[in-house]
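Below: the structure, in structure tokens.
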Amino acid sequence: MILDAVNLAKSFGGVEAVRGASFGVAAGEVVAMIGPNGAGKTTCFNLVTGQLAADAGSVSLDGREITGLGSREIGRLGASRTFQITAIFASMTVRENVQTALLSHRRQLRMWWTRAADLYRDDAGRLLERVGMLGQAERACSVLAYGDLKRVELAVALAGEPRLLLMDEPTAGMAAAERGELMALVAGLARERSIAVLFTEHDMDTVFAHADRIVVLHRGRVIASGAPAEVRAHPEVREVYLGAGAT
């Protein structure tokens, strides 16, 4: 397993946001974490990435204990994250955004004696080609369509050479066809590069079409985990989330 989270717990005041949640993702696997609003999905993500400290439990990344480490150190160890709202520099070109990510990952952002625009152009180009954005490499991100911005954000995440990629509602705001294309791309990259992918998503068609496994949270605890067909048929999942009429 690339990600192995065991018995995670986190409370805010008297509210238990996460209660003994255990989940994991293997290399090359795409796992969806779903649940109603307030189920604890974002809190789990923040515990894994070190943005929150767990009250109990442990997290391992590629066999290394990372519980208690900060988000920057966890990122250096191989965890990348994308957010519902794209986190890129709108004034930069597509290529410059990826170059900046490569410079950061290789700890060369302070190489002021070399023109940053000349560094890692080819590496950035290869990443952009893989996500289908090389043809728009010199365009400013401010003029891109939303679906294209999501592809740029994916290339930026890949610049960190992640072992684990966490994606927070990656297809939010996208048309149905774009959602399918993006998640098919993510699944292909996961298998090609042996990346473990954990994503949250509210669109169930996307989840059941592209996830290898699904983890379902409800009120901070894992109520089901398994292949899509198993989760769809799970009585408690149908009751609290999918609805009794789900097929």
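Values in this document were obtained by computation on a predicted structure and should not be read as measured data. Residue numbers start at 1 and run along the sequence shown.
A continuous path of hydrophobic side-chain contacts links Ile66 to Leu164 [ILVMFWY only; heavy atoms under 4.5 Å]. Tracing side-chain contacts under 4.5 Å through hydrophobic residues (I, L, V, M, F, W, Y), one never reaches Phe23 starting from Val6; they form parts of separate clusters. With hydrophobic clusters built from ILVMFWY side chains whose heavy atoms lie under 4.5 angstrom apart, Leu47 does not share a cluster with Met167.
Looking at heavy atoms from C-beta onward, Ile74 lies out of side-chain contact with Val59 at the 4.5 angstrom threshold. In this structure, Val215 and Leu198 have side chains that are not in contact, with every pair of non-hydrogen atoms separated by 4.5 Å or more. Proximity of Cys141 to Val94: side-chain heavy atoms (C-beta onward) are separated by under 4.5 Å at one or more points. Side-chain contact between Met133 and Leu144 is present, with heavy atoms from C-beta onward closer than 4.5 Å. Put simply, the side chain of Phe199 does not reach to within 4.5 Å of the side chain of Thr82, judged on heavy atoms. Between Val231 and Val207, the closest side-chain pair of non-hydrogen atoms is not below 4.5 Å. Between Arg95 and Leu134 the shortest side-chain heavy-atom distance falls below 4.5 Å. The closest side-chain heavy-atom distance from Leu61 to Ile2 is below 4.5 Å.
Ion pairing between a basic and an acidic side chain is recognised when a charged N comes within 4.0 Å of a carboxylate O; Glu192 and Arg130 show such pairing. With salt bridges taken as basic N to acidic carboxylate O contacts below 4.0 Å, none links Glu169 and Lys41.
Considering Val216, Leu217, Leu8 as possible partners of Val222, the one that fulfils the side chain to side chain contact (heavy atoms under 4.5 Å, CB included) test is Leu217.
Around CD of Glu236, the count of heavy atoms belonging to other residues, nucleotides or ligands within 6.0 Å exceeds 12. Residue Arg19 qualifies as enclosed at atom CZ: its count of foreign heavy atoms under 6.0 Å is above 12.
The backbone N or O of Val131 lies less than 3.5 Å from a partner atom in the side chain of Arg151, making a donor-acceptor pair. Under the 3.5 Å distance criterion, the side-chain polar atoms of Asp212 are matched with a main-chain donor or acceptor of Val30. Under a 3.5 Å cut-off, the side chain of Ser104 and the backbone N or O of Thr100 do not form any donor-acceptor pair. In this structure, the side chain of Arg213 does not engage the main chain of Ser225 through any donor-acceptor pair within 3.5 Å. Side-chain atoms of Thr171 do not come within 3.5 Å of backbone N or O of Met174 as any donor-acceptor pair. Although no hydrogens or angles enter the test, the distance criterion places no donor-acceptor pair under 3.5 Å between the side chain of Ser71 and the main chain of Gly50. In this structure, Glu73 contributes its side chain and Gly70 its backbone to no donor-acceptor pair below 3.5 Å. A donor-acceptor contact shorter than 3.5 Å links the side chain of Asn97 to the backbone of Phe89.
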Evaluate side chain to side chain contact (heavy atoms under 4.5 Å, CB included) for Ile88 paired with Leu149, printing each intermediate quantity in order.
-> CA-CA 8 Å; Ile88 59 175; Leu149 287 173; 3.2 Å; yes
Begin from the C-alpha positions of Leu182 and Thr206 and carry the test side chain to side chain contact (heavy atoms under 4.5 Å, CB included) through to its verdict.
-> CA-CA 10 Å; Leu182 181 68; Thr206 299; over 6 Å; no
Could you please spell out the steps behind the side chain to side chain contact (heavy atoms under 4.5 Å, CB included) verdict for His202 and Asn37?
-> CA-CA 9 Å; His202 284 294; Asn37 288 334; 3.2 Å; yes
Take Arg232 and Ile214, measure what side chain to side chain contact (heavy atoms under 4.5 Å, CB included) needs, and give me the verdict at the end.
-> CA-CA 9 Å; Arg232 192 188 293 274; Ile214 301 172; over 6 Å; no
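Cation-pi geometry between Arg81 and Phe45 is not met at under 6.0 angstrom from the ring centre and within 45 degrees of the axis.
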